[in-house]
Amino acid sequence: FSILSLFQFKDIGFWMMITFRLLIPLLMIRWPLFGGLAAVFADAIDVLFVNFLGSGKYPSYVLFDKILDLYYLLLMTILSFRWGGLVYHIIVGLFLWRTFGIILLSIFNFGWLLLVFPALIEFFFLFCAARDRFFPKVTFTPKKLIVVLFVLFILKFTQEALLHSTLFYQWQWLMQNFLIPLGIVQ
């Protein structure tokens, strides 16, 4: 996989996915909660662009997806500066943790690394944005943050486990047994 090889790639679904993934997170600048939800949703459905609008054959999709993830996670990190203090430092730490996991994934290609380095930053950013939107007077104490992070970790770990193990294999089975034979995707 090289960046130059992308410019020779003429798959419309792939380029629509890239455009979608680069533009949607920019909504966070004006609307952190809505934009953050939209960015997470765009990450969840981007594979549909490639599989249904494109050839389904794309260069190093998993690695490229993780690079696009880092783009919107970095934007979340930068935007969290507005909250300052401990919240900002936690988000920076969560971003660095996920980034380290993605680097290890790109080196070793072990999917289980995504369970060890979950994208907890997504849920924490959304939690903080929701707090700002609906409960702006609520303050965070270190104890409250520990409880919040623990609950969010359980939710995110569960999501990552389902997404990167069970659902992946179910999606592959659906593709191989129905979508490809019916000619819906190639």
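Keep in mind that this is a model prediction, so the values were computed, not measured.
- In this structure, F117 has its ring center closer than 6.0 angstrom to the ring center of W97.
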TODO: May I have the step-by-step check of side chain to side chain contact (heavy atoms under 4.5 Å, CB included) for I91 and F81, ending in yes or no?
DONE: CA-CA 9 Å; I91 288 180; F81 184 71; over 6 Å; no

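- Under a hydrophobic-cluster definition in which Ile, Leu, Val, Met, Phe, Trp and Tyr are linked whenever side-chain heavy atoms come within less than 4.5 Å, directly or via other members, V138 and I90 are assigned to the same cluster.
- Heavy atoms only, all atoms of each residue included: T139 and K144 are closest at O-NZ, 3.3 Å.
- Side-chain contact check for F110 versus L104: every heavy-atom pair is 4.5 Å or farther apart.
- Atom CG in L33 sits 12.0 Å away from atom CG in L27 (nearest 0.5 Å).
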TODO: Take I24 and D43, measure what side chain to side chain contact (heavy atoms under 4.5 Å, CB included) needs, and give me the verdict at the end.
DONE: CA-CA 10 Å; I24 294 293; D43 178 33; over 6 Å; no

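- The cluster map of Ile, Leu, Val, Met, Phe, Trp and Tyr, joined by side-chain heavy atoms under 4.5 Å apart, puts I146 and F157 in different clusters.
- Following chains of ILVMFWY side-chain contacts shorter than 4.5 Å, one cannot reach I154 starting from L145, and the two form parts of different hydrophobic clusters.
- Scanning both residues, E122 and M76, for their nearest heavy atoms gives CA-SD, 4.1 Å.
- Between the CZ atom of F127 and the CG atom of L120 there is a distance of 11.5 Å, given to the nearest 0.5 Å.
- For the residue pair K66 and L105, the shortest heavy atom distance occurs at CG-CD2, 4.0 Å.
- For the atom pair I121 CD1 and Y72 OH, the distance stands at 9.0 Å (nearest 0.5 Å).
- A search for side-chain contact (heavy atoms from CB on, under 4.5 Å) contacts involving I78 returns L74, not counting sequence neighbours.
- I45 and F64 fall within a single hydrophobic cluster, where Ile, Leu, Val, Met, Phe, Trp and Tyr are joined by side-chain heavy atoms under 4.5 Å apart, directly or via other members.
- The local environment of CZ in F100 is sparse, with at most 12 non-hydrogen atoms from other residues, nucleotides or ligands closer than 6.0 Å.
- Annotation: the span from T77 atom OG1 to L94 atom CG amounts to 8.5 Å, rounded to 0.5 Å.
- Between the CG atom of L79 and the OH atom of Y88 there is a distance of 10.5 Å, given to the nearest 0.5 Å.
- The cluster map of Ile, Leu, Val, Met, Phe, Trp and Tyr, joined by side-chain heavy atoms under 4.5 Å apart, puts F134 and M28 in the same cluster.
- Atom CZ of R82 sits in a crowded spot, with more than 12 heavy atoms from other residues, nucleotides or ligands closer than 6.0 Å.
- Residues L70 and T99 share a closest heavy-atom pair of CD2-OG1, 3.4 Å.
- For the pair I67/I102, no side-chain contact is recorded, criterion being any heavy-atom separation below 4.5 Å from C-beta on.
- Minimum heavy-atom separation, F140 to V87: CD1-CG2, 3.4 Å.
- Here the closest heavy-atom approach between residue L68 and residue R21 is recorded as C-NH2, 3.3 Å.
- Atom CZ of residue F41 and atom CG of residue D46 lie 10.5 Å apart, to the nearest 0.5 angstrom.
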